[in-house]
Amino acid sequence: QMMVDLKYSDCARSRWKPKNYGQFWKEHDGGLEWYTWMYESRKAVHQDLLSFISSHSELQAVADFGCGLGVGYCDALADRRYVGFDLAHPAIAWCQENRTNNKHHYRSCDFIVEDADEMFDLVFSQGTIDNSYDMDEYLAAMVRWSQGWIYVTCYRGWFPELKDHQYSWNEEHGCSYNDLSPRRAQQTLERLGCHSIEISTIATGNDSIPRETRIIAQVPSKSR
């Protein structure tokens with residue numbers, strides 16, 4: 001509570017939120033080439049998610065936590081409601097100007113602390129939870145915004161031996177570099193009332209980090 005009172009955090013339910021959290025992303029203008037490179041470097045992981053979406057015809061409204069420029073998804077999900085959320089103001093501004101699909105929308109916000117003003121059939125996040133200040137609240141936010149499923153990947157790897165999440169704060173970048181504990185994530189999702197929880201490793205096709213963590217879960221019916 002002291003952190004909230006001192007304005008270090010704007011959410012009493014989360015871990016400490018540093019003052020400059022997300023500052024790099026709020027100012028960074030990577031451009032389409034950079035975001036495309038990021039997408040291509042994890043293409044196998046993205047394709048797994050798109051296959052999941054394709055196999056569930058009921059997923060007509062989809063939210064993307066950490067959308068960047070929407071590379072890959074704005075085209076693949078052209079016929080569905082797609083809303084991209086990101087801390088990166090330049091990226092959101094670019095999307096609002098250049099992504100013209102009237103079924104798509106882009107917003108800049110910290111979705112961890114935002115109240116859900118729209119419910120989605122699927123809330124997904126590709127390699128962003130690893131940089132957040134509170135991974136449990138990140139998962140809780142995904143459940144809060146979903147009326148169906150959540151799907152999240154952790155780009156930093158697969159750490160089945162961890163009993164708890166490991167956080168490492170980088171002051172210069174204004175973000176954390178986290179190792180997610182599958183055990184802790186399972187406990188968090190169960191506490192939130194989720195079911196059909198699958199936490200497993202997924203091959204990336206990238207030699208630098210050959211395996212990532214993938215989490216899929218169905219949200220409790222009370223959220224629908």
(message) Give me the atom names and distance for the closest heavy-atom approach of A44 to A203.
(response) CB-O, 4.1 Å

(message) What's the separation between atom NE2 in H105 and atom SG in C67, rounded to the nearest 0.5 Å?
(response) 10.5 Å

(request) Calculate, to the nearest 0.5 Å, the distance between atoms CD and CG belonging to Q60 and D121 respectively. (result) 7.0 Å

(message) How close do G68 and A91 get, counting heavy atoms only, and between which atoms?
(response) O-CB, 3.7 Å

(request) May I ask you to check whether Y138 and Y133 place their ring centers less than 6.0 Å from one another? (result) no

(message) Could you work out, with side-chain contact (heavy atoms from CB on, under 4.5 Å) as the rule, every residue matching C154, not counting sequence neighbours?
(response) I129, D130, L180, T213

(request) Work out which heavy atom in V219 is nearest to a heavy atom in H195; give both atom names and the distance. (result) O-NE2, 3.7 Å

(message) Around atom CD of E97, are there more than 12 heavy atoms from other residues, nucleotides or ligands closer than 6.0 Å?
(response) no

(message) Taking CD in E58 as the centre, count heavy atoms belonging to other residues, nucleotides or ligands within less than 6.0 Å. Is the count above 12?
(response) yes

(message) If you define the side chain from C-beta out and look only at heavy atoms, does anything of I150 sit under 4.5 Å from L189?
(response) yes

(message) Testing the basics here: between G174 and W169, what is the closest heavy-atom pair and its distance to 0.1 Å?
(response) C-CH2, 3.3 Å

(request) Applying ring pair (Phe, Tyr, Trp, His ring centres under 6.0 Å) between F111 and each of F65, F120, W145, report the one that passes. (result) F65

(request) Please round to the nearest 0.5 Å and tell me the distance separating atom CH2 of W37 and atom CZ of R42. (result) 11.0 Å

(message) Between Q166 and F159, is there a side-chain heavy-atom distance shorter than 4.5 Å?
(response) no

(message) One pair to check against salt bridge (Lys or Arg N to Asp or Glu O under 4.0 Å): R144 and E114. What are the steps and the verdict?
(response) CA-CA 10 Å; R144 188 167 67 248; E114 288 269 335; over 6 Å; no

(request) Quick one: closest heavy-atom pair of I53 and L59, and the distance? (result) CA-CD1, 4.2 Å

(request) Mind checking the CH2-CD1 spacing from W158 to I209? Nearest 0.5 Å is all I need. (result) 15.0 Å

(message) A side-chain contact here means heavy atoms from C-beta on lying under 4.5 Å apart; do Y21 and L87 qualify?
(response) yes

(message) Show, in sequence, the C-alpha distance, side-chain angles and deciding distance for E118 and R81, and conclude whether the salt bridge (Lys or Arg N to Asp or Glu O under 4.0 Å) test is met.
(response) CA-CA 11 Å; E118 179 178 356; R81 169 72 170 162; 3.1 Å; yes

(request) Please determine, by modelled atom types, if H165 and N178 share a side-chain donor-acceptor pair under 3.5 angstrom. (result) no

(message) Taking ring pair (Phe, Tyr, Trp, His ring centres under 6.0 Å) as the criterion, tell me which of Y151, F52, F124, Y39 meets it with H46.
(response) Y39

(message) So S176 and S168, do their side chains get closer than 4.5 Å, heavy atoms only?
(response) no

(message) Rounded at 0.5 Å granularity, tell me how far CG in D86 sits from CG in D64.
(response) 8.0 Å

(request) Please report the closest heavy-atom contact between I197 and Q186, naming both atoms and the distance. (result) CG2-OE1, 3.5 Å

(request) Could you tell me the separation between the CD atom of Q147 and the CG atom of L122, rounded to the nearest 0.5 Å? (result) 11.0 Å

(message) What I want to check is whether the side chains of Y155 and N206 have a donor and an acceptor closer together than 3.5 Å.
(response) no

(message) Within the 3.5 Å criterion, strictly below it, is a donor on N170 or Y177 matched to an acceptor on the partner's side chain?
(response) no

